[in-house]
Visitor: 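Please find one structure pasted underneath; my questions will follow.
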There are 2 protein chains.
Amino acid sequence: MTLRASKATARVPDPSCRTVRITDVAAAAGVSAITVSRALNTPQLLSKTTLRRVLAAVDRLGYVPNLTAGALSSRRSRMVVAIVPTIASPMYAEALQAFTRTLAASGYHVLLGLGGFDSEDEERLITAMLGRQPDGVLLVGAVHSPTARRRLAEAGVPIVEIWGDSAEPLDIQVGFSHRGAGEAVAHHLCDNGYRAFGIVSSDDPRALERLDGFRAALERRGLSLLVQRLLPPPSTVLDGRRVLPDLLDALPRGAAVFCSSDMLATGLVIEARARGILIPDDLALCGFGDLDIGRAIEPALTTVSVDGNEMGQLAARCIIDRLSGRQIQQRVALPVEIVRRQTT
Amino acid sequence: MTLRASKATARVPDPSCRTVRITDVAAAAGVSAITVSRALNTPQLLSKTTLRRVLAAVDRLGYVPNLTAGALSSRRSRMVVAIVPTIASPMYAEALQAFTRTLAASGYHVLLGLGGFDSEDEERLITAMLGRQPDGVLLVGAVHSPTARRRLAEAGVPIVEIWGDSAEPLDIQVGFSHRGAGEAVAHHLCDNGYRAFGIVSSDDPRALERLDGFRAALERRGLSLLVQRLLPPPSTVLDGRRVLPDLLDALPRGAAVFCSSDMLATGLVIEARARGILIPDDLALCGFGDLDIGRAIEPALTTVSVDGNEMGQLAARCIIDRLSGRQIQQRVALPVEIVRRQTT
DNA sequence: CCTTCGAATGGTACCGCTACCATTGACATG
DNA sequence: CATGTCAATGGTAGCGGTACCATTCGAAGG
């Protein structure tokens with residue numbers, strides 16, 4: 001058999017791309033590639049001396065492991081996808097931040113996906129993200145596309161849904177009852193003597209669920225909502241200011257308004273003061289989210305406190321624990337608390 | 001030679017892991033794997049009929065390409081790393097959001113890294129992130145660790161620094177002059193007759209640079225700063241409220257205070273009103289960032305407007321264009337504008 | 001007719017790492 | 001002394017794609 005060049009010649013090894021590979025480290029340390037791999041991933045398996053020698057070589061050569069190759073080989077990417085409607089809202093941002101930090105401490109990186117589109121885009125986004133072979137997925141809010149839901153379920157990795165309390169979570173759920181929060185606000189207001197009610201809400205599924213809970217609780221007490229204004233998300237302080245006149249037209253003096261966010265409630269407070277309307281005597285307010293601004297505004301907002309930070313952290317813990325094979329709780333319901341300040 | 005099992009037997013193909021691979025699609029469509037790859041990546045190379053047949057098979061089997069494998073083989077991950085000090089601040093969140101959305105439209109995904117630690121952690125984070133073989137990197141603020149800087153420079157991918165105007169950017173810079181912004185505020189205040197000045201600033205490198213510019217401009221005019229208070233980031237509205245007494249002690253009536261964020265300035269407005277201090281007559285204020293709350297508060301904040309959204313979008317464009325081989329501008333300086341409202 | 005050319009498709013060898021076993025040698029055990 | 005056990009290390013074969021050519025085939029040109 002004649003000696004000849006292989007039919008399909010090898011891919012040219014680009015000389016400019018002189019990255020250090022695991023085999024370079026192995027050669028430098030006088031060990032095999034697998035030993036270098038172990039030095040970095042499971043150092044307890046190596047003898048002290050070998051470990052030291054390998055780590056010295058890693059340092060000397062400035063070796064940075066190619067995690068893409070590692071992921072392909074080990075089928076563990078150490079990446080987690082987070083799909084969030086927006087990070088412009090401090091509530092979600094806080095949860096995402098805690099999520100990312102907690103995961104980073106265990107060596108996981110977060111792939112950020114911004115949803116908030118139509119169902120078809122959402123499906124494309126989720127599909128593409130799943131193609132990255134994440135070790136887990138965080139979802140804020142429900143996923144509607146059935147194809148996307150099926151793909152998520154079939155991905156075989158932990159899926160955590162936060163901020164919601166859907167009846168049919170895909171896998172793990174860390175949230176609180178939006179309905180229950182709305183009901184609690186209704187009871188708080190009723191118990192404090194208010195008898196006329198309005199709502200200003202962002203037109204967002206979770207806010208609407210709170211609204212439903214609020215209205216249902218009122219109806220059970222024979223009371224009803226006199227006015228309801230929906231605003232396109234994200235809701236801003238300025239939106240709150242602008243919406244006040246509408247509310248005043250529809251409500252008697254001494255009414256109470258439930259706002260779907262502290263932003264809106266803050267706007268109402270500002271506009272009310274500008275018009276000489278007394279809070280809570282002329283108009284009582286309850287916000288949602290317990291944001292910094294609500295604590296700082298004068299009068300300070302009565303609000304519903306939910307801990308976005310804890311939610312993000314818990315979601316991350318769930319994923320980490322599940323991946324380490326520990327048993328976890330599939331449904332975690334966080335408490336929501338009504339913090340009474342000066343607007344009720 | 002006796003026939004025996006190969007010495008190192010093949011890795012067991014886990015039967016539970018029945019994911020659809022490119023070869024499955026190829027078999028189903030009666031073409032080779034590479035043709036399927038082309039159907040998804042460079043469809044213009046295929047004939048209409050073959051393309052249709054392959055895409056039908058993709059659909060039928062629910063094939064989701066393994067982007068990890070693709071990245072390893074093609075050396076293009078279609079991932080971009082974004083390292084941000086925090087997303088709790090709406091300024092950075094907005095930029096990151098625009099960045100992520102713009103990249104997503106071109107098929108790139110964002111790997112989120114949260115910095116804001118000490119230099120050693122930062123170095124570890126950046127190293128790990130570079131191990132993911134990103135096609136680009138976004139940095140908010142300067143990277144201090146020299147090792148990290150070297151690694152970034154050697155990564156051979158576009159690096160964009162935003163929100164800053166360091167004299168020695170690693171590669172591309174999209175930002176504005178913090179120093180210049182501070183100077184502009186000083187001039188604005190001087191030109192409007194203010195002669196006594198204070199500053200409340202987050203203890204953050206970029207805010208401090210604005211502070212320096214502010215002070216330098218005052219000194220050139222023979223004026224000087226009477227009081228300067230630094231607060232640990234992130235600055236909140238509540239921080240603003242709390243710091244007011246200190247300022248009042250140190251400043252005469254009619255002084256002007258430059259705040260490093262609209263949050264702080266809003267807190268000052270609220271506390272001032274609570275104490276019956278007139279703004280801008282007793283105390284003038286200038287914020288920074290042009291946030292929603294500053295527009296909505298009464299009196300509305302005079303502030304420095306910078307477009308975080310545009311910065312994120314531009315940064316993304318730079319990366320996309322550079323990766324497509326287009327010529328780009330290495331330094332983009334965004335305008336900063338002083339928006340005069342009611343607090344000066 | 002043969003040659004040339006370009007469009008369409010395929011074969012092979014990797015990308016850089018790790019799973020799976022095998023191997024080695026020191027030491028304990030019966 | 002044979003054997004078993006355990007800790008430490010290595011060899012090989014993928015992981016699932018894509019780059020790099022090669023090949024095929026029909027049409028155009030001489």
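The structure presented is a predicted model; accordingly, all values stated were derived computationally and were not measured. Here is the naming used below: chain letters follow the sequence lines, and residue numbers restart at 1 for every chain.
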Visitor: What integer distance in Å separates B:Arg76:CZ from C:dG16:P?
Guide: 16 Å
Visitor: Starting at CZ of B:Arg78 and ending at P of D:dG16, how long is that distance when rounded to a whole Å?
Guide: 22 Å
Visitor: Examine D:dT9: is either OP1 or OP2 under 4.0 Å from a nitrogen or oxygen in the side chain of A:Thr50? Give yes or no.
Guide: yes
Visitor: Heavy-atom distance under 4.5 Å between the side chains of B:Leu152 and B:Val137, does that happen here?
Guide: yes
Visitor: Give a yes/no on whether any side-chain N or O of B:Ser37 is located under 4.0 angstrom from OP1 or OP2 of D:dT18.
Guide: yes
Visitor: B:Arg151 and B:Thr127: side-chain donor and acceptor closer than 3.5 Å?
Guide: yes
Visitor: Distance check needed: D:dC15 P versus B:Asp24 CG, whole Å only.
Guide: 12 Å
Visitor: Rounded to the nearest Å, what distance is computed from the NZ atom of residue A:Lys48 to the P atom of nucleotide D:dA8?
Guide: 10 Å
Visitor: Between D:dC20, C:dG16, D:dT18, which nucleotide has the shortest distance from any of its atoms to the side chain of A:Arg21?
Guide: C:dG16
Visitor: Compare the minimum distances between each of D:dG16, D:dT18, C:dT18 and the side chain of A:Ser74, then state the nucleotide with the smallest one.
Guide: C:dT18
Visitor: From CG of B:Asn66 over to C1' of D:dG14, roughly how many Å is that when rounded to an integer?
Guide: 14 Å
Visitor: From C:dT18, C:dA8, D:dG16, pick the nucleotide closest to the side chain of A:Arg75?
Guide: D:dG16
Visitor: Ignoring hydrogens and angles, does a donor from either the side chain of A:Ser32 or the base of D:dG10 sit under 3.5 Å from an acceptor on the other?
Guide: no
Visitor: Between C:dC15, D:dC15, C:dG10, which one does the side chain of A:Ser73 approach most closely?
Guide: D:dC15
Visitor: Within this structure, what is the CG-to-C1' distance between B:Leu67 and D:dT18, rounded to whole angstrom?
Guide: 13 Å
Visitor: Whether the B:Arg322 and B:Gln330 side chains hold a donor-acceptor pair (N or O, under 3.5 Å, no angle test) is what I'd like checked.
Guide: yes
Visitor: Are OP1 or OP2 of D:dT9 and a side-chain N or O of A:Ser47 less than 4.0 angstrom apart?
Guide: yes
Visitor: Could you check how far CD of A:Gln133 sits from C1' of D:dC15, rounded to whole Å?
Guide: 10 Å
Visitor: Among the nucleotides C:dT9, C:dT18, D:dT18, which one has an atom lying closest to any side-chain atom of A:Ala33?
Guide: C:dT18
Visitor: B:Tyr63 OH to D:dG16 P: how many Å, rounded?
Guide: 10 Å
Visitor: Do A:Thr86 and A:Ser89 meet the criterion of a side-chain donor-acceptor pair at a distance under 3.5 Å?
Guide: no
Visitor: By nearest nucleotide on DNA chain C, pick out whichever of B:Ala69 and B:Gln44 is the more 5' one.
Guide: B:Gln44
Visitor: When you measure from the side chain of B:Ile34, which nucleotide among D:dG17, C:dG16, D:dC20 comes out closest?
Guide: D:dC20
Visitor: So, B:Glu120 versus B:Ser145: side-chain donor-acceptor pair below 3.5 Å or not?
Guide: no
Visitor: Looking at every strand, decide which applies to A:Thr68 at a 4.0 Å heavy-atom threshold: base, sugar-phosphate, or nothing.
Guide: nothing
